[in-house]
Amino acid sequence: MSLSLAQLAAAASSAPIHFEDLGLSPNLFTIGSFSLRWYSLAYLAGIFLAYWHTSKAIKTAGAPLAQRHIDDLFFYCTLGVILGGRLGYATFYTGGNTGIPSLWAHPGQLVQLWHGGMSFHGGLIGVVLAISWVCWRNKLSILRVADYVSVAVPFGMLFGRLANFVNGELWGRVAGTDVPWAIVFKGAGELPRHPSQLYEALLEGLLLALILVPLFWKTRARFRPGLLVGIFTLGIGIGRFVVEYFREPDEQLQEFARQTGLSMGQWLTIPLIALGLFFLIRALRRPELGSSTPTPQ
């Protein structure tokens with residue numbers, strides 16, 4: 001029996017998107033054995049934009065640091081992202097019941113970044129330690145410096161998650177027929193899945209940038225120490241917690257997610273949400289800098 005035009009159109013519209021048909025490549029270009037990967041560019045673009053924005057932000061009145069501090073800050077923050085991300089992956093995603101030998105037991109593999117394996121939470125801890133070190137050494141306010149840096153972090157989150165999508169990695173869970181944008185990823189079976197990388201790019205990157213950047217430039221939020229940090233930490237925590245419901249857990253941690261009811265990413269995000277709420281409430285309860293209102297006891 002032949003199908004009608006309406007039935008053919010319905011079948012075509014319900015056909016899933018195949019990742020290969022998007023024509024994306026993880027490499028910008030390849031020359032001989034050298035390949036420039038979009039993921040590397042994402043790191044560089046995120047760091048460059050964060051450096052540029054923070055350098056511009058300190059030109060406003062009342063900035064808590066100078067350009068020389070920014071130069072040191074971004075050098076150590078870059079190290080913090082790389083070392084923290086790798087060591088965090090070794091700590092949270094290998095060893096134990098994961099089925100993957102602990103990278104801590106194989107130090108030589110820790111430096112093999114080209115094999116993949118980076119933890120967002122580990123990178124965040126690395127950045128916090130880098131900021132703390134620079135502030136301690138230069139006698140700067142950690143909270144105020146973190147306010148200025150946190151505004152620029154969503155740029156890197158946006159580029160990084162877009163690069164994950166271009167790489168066709170960290171795909172989401174199997175999607176229902178009511179998700180027309182679901183994608184069949186290579187290596188993830190034949191069923192269409194949520195493009196959770198794009199969800200993270202929108203929530204943790206674009207949305208947070210659209211909130212934090214206007215707050216910094218259009219309001220006096222930067223004069224309430226910890227307010228911008230609190231909004232960033234709370235936003236990144238809620239965004240990651242929500243997206244984890246659509247993101248496929250790492251293969252070695254799927255049993256952990258089934259046993260505990262939450263993925264490893266969600267468990268690691270709960271402290272971020274609590275910390276963000278603490279800084280947010282603390283900042284709103286205290287007067288802004290320069291105010292004559294007495295500090296609440």
>> My understanding is that only residues two or more places apart in sequence, or in another chain, count here; which of them pass salt bridge (charged side-chain N to carboxylate O under 4.0 Å, His left out) with D72?
In response: R137

>> List the residues meeting salt bridge (charged side-chain N to carboxylate O under 4.0 Å, His left out) with R282, not counting sequence neighbours, and say none if there are none.
In response: none

>> Tell me every residue that passes ring pair (Phe, Tyr, Trp, His ring centres under 6.0 Å) with F232, counting only those two or more places apart in sequence or in another chain.
In response: none

As an exercise, state the distance from [atom1] of [X] to [atom2] of [Y], rounded to the nearest 0.5 Å.
X: E204; Y: I236; atom1: CD; atom2: CD1; value: 4.5 Å
X: L277; Y: T233; atom1: CG; atom2: OG1; value: 10.0 Å
X: L215; Y: R222; atom1: CG; atom2: CZ; value: 11.0 Å

>> Show every salt bridge (charged side-chain N to carboxylate O under 4.0 Å, His left out) that has at least one partner inside residues 141-155, sequence neighbours left out.
In response: none

>> Does anything in residues 256-272 form a salt bridge (charged side-chain N to carboxylate O under 4.0 Å, His left out)? List the pairs, not counting sequence neighbours.
In response: E255-R258

> Salt-bridged, R173 to E248, with N to O below 4.0 Å?
Replying inline: no

>> What verdict does the ring pair (Phe, Tyr, Trp, His ring centres under 6.0 Å) test give for F165 and F19, after you've listed the backbone C-alpha separation in whole Å, the side-chain angles of each residue and the deciding distance to 0.1 Å?
In response: CA-CA 10 Å; F165 179 75; F19 184 78; 5.8 Å; yes

>> To check you understand the geometry: which heavy-atom pair defines the closest contact between F155 and A50, and what is its length?
In response: CD1-N, 4.4 Å

> If every non-hydrogen atom of P154 is compared with every non-hydrogen atom of S150, which pair is closest and at what distance?
Replying inline: CD-O, 3.2 Å

>> Tell me whether S55 contacts the main-chain N or O of I70 through its side chain, where contact means a donor paired with an acceptor under 3.5 Å.
In response: no

> Under 3.5 Å, is there a donor-acceptor pair between the side chain of E244 and the main chain of F241?
Replying inline: no

With sequence neighbours left out, write down each residue that passes side-chain contact (heavy atoms from CB on, under 4.5 Å) with [X], or none if nothing qualifies.
X: W267; result: F256, T260, L262, I270
X: V128; result: S132
X: D71; result: Y51, Q67
X: L203; result: L207, V243

For a 4.5 angstrom cut-off between non-hydrogen side-chain atoms, does [X] reach [Y]?
X: F216; Y: Y148; value: yes
X: E200; Y: R247; value: yes
X: F48; Y: H53; value: no
X: Q197; Y: L162; value: no

>> Does L198 form a side-chain contact (heavy atoms from CB on, under 4.5 Å) with R161? I'd like the steps, not just the answer.
In response: CA-CA 7 Å; L198 299 183; R161 295 311 180 191; over 6 Å; no

> Could you walk me through whether I183 and R193 pass the side-chain contact (heavy atoms from CB on, under 4.5 Å) check?
Replying inline: CA-CA 5 Å; I183 297 175; R193 295 175 175 271; over 6 Å; no

Check residues 223-230 and write down every donor-acceptor pair under 3.5 Å in which the side-chain atom is one partner and the other belongs to a residue at least two apart or another chain.
from, atom 1, to, atom 2, distance (Å)
R224, NH1, A283, O, 3.4
R224, NH1, R286, O, 2.5

Decide whether [X] and [Y] are clustered together by the hydrophobic rule: side chain heavy atoms of Ile, Leu, Val, Met, Phe, Trp, Tyr closer than 4.5 Å, transitively.
X: I273; Y: L212; value: yes
X: L170; Y: F185; value: no
X: L65; Y: W136; value: yes
X: F75; Y: V149; value: yes

>> Please give the remaining members of the hydrophobic cluster of L191, linking ILVMFWY side chains under 4.5 Å, ordered by chain and number.
In response: V174

>> Can you list everything that forms a side-chain hydrogen bond (donor to acceptor under 3.5 Å, both in side chains) with H69? Sequence neighbours excluded, please.
In response: none

